[in-house]
Every structure is written in structure tokens, then in C-alpha cells.
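What follows is a short report on a single structure.
Source: prediction; values computed, not measured. The chains referred to below are lettered A, B, ... by the order of the sequence lines, with proteins before strands, and numbering in each begins at 1.
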Amino acid sequence: MPFLKSLNKLQLKAAIHTQGPLLVLAGAGSGKTRVLTSRIANLVVNEGVPPSEILAVTFTNKAAAAIKERLDRLIGSRAEELWTGTFHTIGLNILREENALAGHKKGLTIYDEEEQALLIRLVMSELGISEKKAPYKAVQFEINMARNENQTPSEYARKSNSILSGEVHAVFRAYEKKLEEAGAVDFGSLICAPIQLFSNNPAALERYSGRFRHILVDEYQDTNSSQYRLTRMLASKHRNLCVVGDPDQSIYGWRGADVKNILGFQEDYPDATFIKLEENYRSMKKILSAANSVISNNEQRLDKTLWTRNPDGKAPLYEQCMNEEREAAFIVSWIKKCLVEAPGLKLKDFVILYRTNTQSRPIEEMFFEESIAYAVVGGFKFYDRREIKDALAYLKALVNPDDSLNFLRIVNVPPRGIGRATLNKVHSLSKNKGLSLYEAFKEAASNTNFGNSGLRDFIGTFENLRREATERRPADIAERVFDLTGYMDFWSSKKTEDAMTRAKNLDGLVESIKKYETRYPKAGIADYLSLVALMSDADDYKENTDQVTLMTIHAAKGLEFPVVFMVGMEEGLFPHERSIDDEEGVEEERRLCYVGMTRAKRLLFMSSVKARSTGKEVCRRVTSRFIGEIDPAFLSIRTPKPPAPAKQSIEAIRKLLFT
DNA sequence: GTAATATAGCTTTTT
DNA sequence: GCTATATTAC
């Protein structure tokens with residue numbers, strides 16, 4: 001088979017292994033994705049396994065799409081039948097399928113972090129728990145951690161030793177009830193609900209564990225306890241579970257990921273085959289050695305040393321810059337130099353990696369000034385904008401009006417005379433009669449005691465839209481909604497620049513729905529909404545356009561670039577001050593550093609600044625310990641000389657003179 | 001009762 | 001720098 005020819009011995013072994021559990025420890029750049037795809041292709045082509053009986057879980061939906069695409073080249077259109085996606089996508093699909101089977105008509109609205117926070121705060125105020133006693137952020141964190149451990153509210157109460165456990169327990173319970181009433185789920189319940197379903201319903205478990213003859217889980221080091229349980233359940237029948245990962249690249253501990261899942265795999269499955277991929281095909285020797293010397297400072301590690309046949313290449317270069325602007329100038333001058341000296345390189349071969357999203361700004365400004373095309377991945381997303389959130393809330397409310405949270409969000413936007421007093425009245429009506437907010441509004445609209453015409457008009461419009469929605473296409477629906485509710489007009493009638501961009505963004509949203517519509521002709525507006533909710537930052541990385549990419553190191557997981565810049569290599573930023581207190585936190589930061597460094601194929605630049613402006617103050621900064629941990633044999637340190645960007649604007653010179 | 005305006009507060013990483 | 005909340009104006 002042609003797809004097996006290009007593999008090395010160990011990769012091949014992993015690819016053609018067919019029966020029983022398999023653990024693949026795949027170091028950075030060791031050809032993991034190739035192994036995964038060849039393995040699936042081998043199962044289908046040589047072993048005759050129908051693609052529909054294979055489940056491949058990836059970390060992002062983009063990675064899932066990439067696997068499907070590669071597979072499409074190997075086995076053709078049958079790749080479409082494969083079950084792929086993130087744990088969350090898989091969970092959602094299971095819930096949908098089972099809901100349909102059980103005849104539930106309830107909507108499945110996915111609440112993102114912000115919606116979750118709103119609901120928690122609502123619950124807290126109803127329970128009379130003050131923000132001072134229990135900050136909602138802390139409550140939210142506890143609830144999400146409980147979800148990561150697949151705990152119900154009462155299990156949480158039993159096991160938690162948090163000082164807030166009493167309050168959290170109460171909020172958690174009421175929160176679950178509200179979710180249920182709204183037909184909504186949070187991210188965590190997309191994993192927990194299927195587990196619960198399978199525990200209560202052996203026939204359902206039988207269906208799925210029987211269907212998935214082979215299961216592959218990528219990035220297994222970043223699975224949490226719930227995902228672990230779900231995986232075990234799904235694999236319980238056939239036990240053909242292949243997990244792939246690298247403990248050194250575990251960077252989601254703060255989200256409940258537990259490296260023990262991968263480290264303990266052989267205890268869970270004593271008959272598991274174990275394969276270690278240590279040959280790196282990605283990076284030049286000196287880059288790899290530098291990365292290895294950093295990660296070797298971690299105490300808690302599995303024995304593993306990455307090596308490569310690649311040439312030495314150039315040692316990573318570190319420079320301490322005066323401030324953020326100089327750091328940005330440092331990047332720009334090197335990009336320009338590289339483009340001249342290495343004619344094969346294009347803008348899309350460069351990536352700027354940072355610890356926190358806010359770090360992108362000064363770099364963006366410099367790129368703009370120097371007319372360098374760039375794209376920021378993640379960070380402040382299109383879908384995070386207020387007008388887009390409002391617009392999506394309209395669509396969510398339309399699809400699932402019992403989702404009181406989103407209904408509430410839009411009911412008086414734009415202002416239509418439904419203020420606090422009206423809201424209170426409707427709210428008590430809903431409570432007294434046990435109605436959802438929307439049902440209460442409907443009742444209020446037909447009741448003449450509510451002399452509010454704005455309310456009646458809105459409910460009328462909303463009802464009409466709901467009727468229309470059954471026979472229109474998604475983009476059409478969206479356009480009608482924004483039009484008839486006056487939401488589009490709310491922005492486009494204002495003449496401020498801000499309002500105009502918001503109106504334009506709304507048009508952009510309709511455009512994106514149109515694109516979705518042509519791509520998935522059978523899908524409805526509800527499908528679009530869940531896709532948007534589960535879309536990850538990395539999903540909007542476009543490798544085909546020629547522009548420099550800016551992203552967090554977290555988002556860069558699984559990607560590779562010829563030239564990598566890692567900026568802000570400073571104590572307090574990287575490692576971040578909030579993880580500096582305990583050794584485990586620092587070790588995770590170190591793994592993150594390792595992940596960043598191992599993204600680089602040919603050149604790696606690292607930089608820090610001497611003075612950083614945080615808010616109003618300017619702080620002196622100390623070089624990150626990680627720089628000191630790099631074996632000096634594999635690091636060039638440059639003392640900053642006056643930077644000389646090819647084209648200096650008057651403004652840039654002025655800045656140089658006065659800073 | 002509702003809408004516009006000032007003020008504080010906040011920014012780790014994300015499905 | 002930008003948004004949710006509190007206050008004041010209509």
C-alpha cells in the first residue's frame with residue numbers, strides 16, 4: 001500500500017497494529033498525524049473495516065477536518081462516513097441522535113462561557129448568594145471542574161473541600177435545573193450527559209460501543225477525567241482503542257486535563273501494545289536540542305528523548321529588547337531579512353507565538369505600520385463581538401424560545417419599552433404559572449392588563465418569525481430576523497463609526513451563514529449555531545493565504561512553521577505569574593515553552609523586553625528562566641543594537657529618540 | 001418607568 | 001483599551 005511505504009519502522013508498526021489497545025507516545029514532529037491517517041486507511045483498505053465503524057477524536061475540529069481530508073486522498077469519498085470531531089462534537093452528536101430516538105423535541109442550545117456565567121449569576125441572585133461571599137467566577141470555576149470530573153452536584157458536595165462548596169453545591173443544583181428547563185447544555189455537559197446516558201441506559205451504550213469497532217484518540221495527554229470515562233465506555237466492547245499523545249506536551253492541566261490518563265494507560269489495559277516515536281522530522285538539530293534542554297528541567301517526566309536526522313541548522317536566537325515596540329521592530333527586521341536571504345520563504349511561513357492574547361497588539365501595530373500582511377488567530381473573536389452575540393442570541397431564541405437567558409438578552413434590544421418594571425411583572429408571572437420567560441411574555445401580550453404596546457408588537461413579530469423559520473433557509477431567516485426586529489436598523493441608523501462597523505459585522509454574519517448554507521445544504525439554523533459554539537480558535541487558522549500568523553502557544557498546538565518567534569520571554573509572563581507559585585504550574589508552563597519551541601522547523605527567535613507597560617505603569621522585566629535553561633551551546637544571545645527597520649517612518653524615529 | 005451617560009474594573013491559556 | 005454596572009436625566 002502506498003500510504004504505508006513512507007513510514008518508518010515504528011510508525012508502520014503503529015499503523016498496521018489492528019487488534020487490542022495501543023498506546024503511541026509520539027514526540028513533537030514525529031509524524032503523528034501521518035500515523036493516525038495511515039492507520040485508519042489501513043483499517044479500511046486492508047482490514048475491511050467500514051469507515052462508519054471508526055471513531056477518531058481530535059483536539060480541534062480543524063484537526064478532524066484535516067484527518068478527513070488526508071484520508072479522502074487515501075481512500076476516497078468513503079472518508080466522509082468516518083466519525084471524527086472533538087469530544088464535544090462527538091458528545092453533541094450522541095445527544096442529538098439519542099434525543100431524536102427518544103422523541104425529545106427539546107432544543108439543544110450550547111452555552112458558551114459567557115452565557116454560563118450569566119446563568120450562574122442569575123441563579124446566585126435568585127438564591128440570595130452575594131457576589132462578595134462567593135464570586136461568580138469562582139463558582140463557575142468550581143462547577144466546570146466538577147464537570148471535568150463528571151460529578152453531579154451532590155457528588156461534588158461530598159468530595160469538594162473548597163470553602164465555597166456549600167454555596168457552589170446550591171448554585172450547581174439550581175443551575176442544572178435551569179439548563180434543563182432551557183434545553184441548554186454547557187461545554188462540560190456535552191461530555192457528562194452522554195456518560196450519564198450510557199450509565200442509565202445499557203442499550204444505548206451497547207449501540208455505540210458496538211458500533212465503534214476502532215477508536216482513536218489524539219492528544220490523549222490533554223484529556224480530562226470525564227473524557228477518559230467516556231472513552232473507556234465507548235471502547236468497552238471491542239477494546240480496539242488507540243491513544244496517541246505526548247506527556248511533554250500536556251498544556252491543559254488548568255482545564256482539568258490529567259496526564260495520568262496517558263501515563264496509566266498500560267495499567268488500564270495491561271495487554272496494550274506500546275510504541276514510542278522519538279524521531280523528529282520537523283526541526284533542525286540545534287532547535288531540537290534547545291527544546292530538549294528546556295524540557296529536561298521537568299521532574300515529572302517519562303523517559304523520552306527526541307532526536308533528528310535533520311541538519312544542525314542555526315541555533316535559536318534570543319534578544320532582550322528595550323520595550324514592546326522594539327520587540328516588534330526586532331520581529332519585523334528579521335522577517336524582512338529572512339525574506340531577502342531565503343527567497344523560498346513566504347510570509348505564511350512565519351508565526352509569532354505569545355503567552356497571552358493581549359501581547360498581539362504592539363506587534364499588530366508594527367505590522368500595520370510596515371505593511372506586512374498578518375492574521376491573528378483566536379483572541380478577540382468575531383463571534384465575541386457584542387452585536388454578533390446579540391444577533392446569535394436572536395437566532396438561538398428563535399430556534400429555542402424556552403432558552404430564557406438568550407430570550408432575555410434580546411427582548412429589549414433595541415429598546416422597545418420593556419424595562420425593569422415590565423420584566424419584573426413578567427418574571428413573577430412565569431414563576432407563578434411555571435412558564436418559561438417566553439411563554440410568560442406570550443401570555444402577557446394577550447393580557448390587556450399589560451398596556452405595553454412594545455411588548456405586544458415584539459411578541460407578534462417574534463411569533464411570525466418563528467412560523468416563517470420553518471420554511472426558510474438559514475441565511476434568509478437571519479436576514480428576516482435582523483430586519484423585522486429592528487436590530488439591524490438599530491445599528492445602521494446610527495451614524496457613528498462604531499455603529500457602522502457593527503452593522504457591517506452583522507452583514508458579515510449573514511454572509512458567513514450563506515457560506516455555511518452552500519457548504520452544508522441540508523443543515524438548518526440550529527446546526528449552524530452549534531457549529532459556531534464549538535468552533536475553536538485554531539479552527540480559523542488559514543494556511544493558504546500568504547500572511548504572517550499571530551497566535552497563542554496554546555492555539556499553535558499541532559502546527560508547524562519554518563520560522564517561529566516566541567515573544568515576551570519574561571518571568572511573570574512566561575512562566576505566567578499565576579502559575580508560578582507551585583512546581584506543577586511551572587512545569588506546565590515549561591511544557592508550553594517546549595511546545596512553542598518545537599513548532600519551529602528552520603529558525604527560532606525568542607525575545608523579551610526590559611520594560612513593559614502594563615496599564616498605566618511601566619514595569620521592569622526579568623528574562624524568563626526558560627531562556628536560562630537552554631543549553632548555551634544551542635543558543636545565540638544578541639545584545640540589542642539600534643534596530644534598523646528597512647523603512648523607518650518619521651514617527652518611528654521620533655519614538656526611538658524619545659523613549 | 002425607561003434611556004442615555006459616567007465610572008469602575010479588568011486581561012492566562014480554551015472546548 | 002472595552003464592557004457591565006450604577007447613577008442620573010428624561
Side-chain angles (χ1 to χ4, degrees), chain A residues 57-64 85-92 110-114 116-118 121 125 131 135-137 141 144 147-148 185-191 219 222-224 226-227 250-257 353-362 364-365 377-381 383-387 389-390 409 412-425 451-452 454-455 490 494 498 530-539 551-557 568 572-580 585 588-589 591-593 595-596 613-616:
Chain A
V57 186
T58 55
F59 199 73
T60 62
N61 287 305
K62 185 176 178 79
T86 62
F87 273 107
H88 296 89
T89 311
I90 306 285
L92 176 68
I110 301 165
Y111 279 1
D112 64 16
E113 206 121 293
E114 189 189 317
Q116 182 188 40
L118 280 169
R121 287 164 74 187
S125 75
E131 174 68 21
Y136 78 90
K137 284 262 181 203
F141 177 80
N144 284 333
R147 284 261 196 261
N148 291 335
V185 290
D186 58 30
F187 286 134
S189 25
L190 287 172
I191 319 294
E219 309 281 9
D222 280 321
T223 51
N224 64 31
S226 298
Q227 293 164 340
S250 162
I251 53 175
Y252 283 90
W254 51 274
R255 213 172 77 180
L353 300 179
Y354 36 77
R355 180 65 180 80
T356 63
N357 284 302
T358 46
Q359 289 170 257
S360 70
R361 188 154 245 129
E364 288 183 67
E365 280 165 11
V377 174
F380 193 70
K381 279 172 281 181
Y383 292 101
D384 289 336
R385 292 168 201 277
R386 209 188 73 204
E387 65 277 18
K389 284 244 167 197
D390 281 344
R409 179 175 180 134
N412 199 35
V413 181
R416 34 178 91 91
I418 304 169
R420 217 195 179 118
T422 312
L423 231 47
N424 278 340
K425 271 194 233 166
N452 192 328
L455 187 152
F490 176 60
K494 290 181 188 168
D498 175 74
S530 46
L531 179 91
V532 167
L534 293 180
M535 204 160 68
S536 63
D537 276 355
D539 290 344
M551 63 175 122
T552 62
I553 305 173
H554 280 94
K557 178 163 126 165
L573 188 58
F574 197 20
H576 198 273
E577 55 193 348
R578 291 175 77 152
S579 42
I580 231 158
E588 178 152 312
E589 296 284 306
R591 289 192 292 269
L592 190 58
C593 182
V595 167
S613 35
T614 47
K616 282 175 194 165

Judged by nearest nucleotide, the residue sitting upstream toward the 5' end of DNA chain B, Arg255(A) or Leu423(A), is Leu423(A)
| task | State, yes or no, whether a side-chain contact exists between Asp384(A) and Lys389(A) at a heavy-atom distance under 4.5 Å. | result | yes
Among dT15(B), dT2(B), dT13(B), the one nearest any side-chain atom of Thr86(A) is dT15(B)
From CD of Glu588(A) across to C1' of dT14(B) the rounded distance in Å is 12 Å
Applying the Watson-Crick and G-U criteria (both distances under 3.5 angstrom) with [ ] for crossing and | for other-strand pairs, one obtains for DNA chain B |||||||||......
Q.
For dT12(B) and Arg578(A) - does any side-chain N or O of the residue sit under 4.0 Å from the phosphate oxygens OP1/OP2?
A. yes
- For atom CZ of Arg361(A), is the number of surrounding heavy atoms from other residues, nucleotides or ligands below 6.0 Å larger than 12? no
Produce the list of close N/O pairs, under 3.5 Å, pairing protein atoms with atoms of nucleotides 8-10 of chain C; give distances to one decimal.
none

Taking any heavy-atom pair under 4.0 Å as a contact, classify Tyr252(A): base, sugar-phosphate, or nothing.
sugar-phosphate
Rounded to whole Å, NZ of Lys137(A) lies from C1' of dT14(B) at a distance of 12 Å
Checklist entry - dT15(B) base stacked by His88(A)? Criteria: ring centres under 5.5 Å, plane angle under 30°. => result no
Exercise for the section: Check the geometry between Phe59(A) and dT15(B) and answer yes if their rings are stacked (centres below 5.5 Å, planes below 30°), otherwise no. Expected result: no
query: Reckon Thr422(A) has a side-chain N or O less than 4.0 Å from the OP1 or OP2 of dT2(B)?
result: yes
Rounded to whole Å, the CD-P distance (Glu131(A) to dA6(C)) equals 11 Å
note: Arg591(A), atom CZ; dT13(B), atom P; distance rounded to Å ~ 18 Å
Looking only at dT12(B), dA4(C), dT15(B), the nucleotide nearest the Glu114(A) side chain is dA4(C)
Between CD1 of Ile251(A) and P of dT15(B) the distance, given in whole Å, is 11 Å
Each nucleotide N or O in nucleotides 3-5 of chain B that has a protein N or O under 3.5 Å away: list the pair and distance.
residue: dA3(B); atom: OP1; partner: Gly417(A); partner atom: N; Å: 3.3
residue: dA3(B); atom: OP2; partner: Asn412(A); partner atom: ND2; Å: 3.3

Is Asn144(A) near enough to dT15(B) that one of its side-chain N or O atoms lies under 4.0 angstrom from OP1 or OP2? no
Separation of dT13(B) atom C1' from Leu573(A) atom CG, nearest Å, is 11 Å
*Under 4.0 Å between any heavy atoms, over every strand shown, what does Glu113(A) touch: base, sugar-phosphate, or nothing? Just pick one.*
base
* Asked: Are Thr552(A) and dT14(B) close enough that a side-chain N or O sits under 4.0 Å from OP1 or OP2?
  -> yes
Using a 4.0 Å heavy-atom cut-off across all strands, classify Thr358(A) as base, sugar-phosphate, or nothing. base
* **Short side-chain N/O contact to dT13(B) OP1/OP2 from Asn357(A), under 4.0 Å** => yes
If the threshold is 4.0 Å, N to carboxylate O, is there a salt bridge linking Arg591(A) and Glu588(A)?
yes
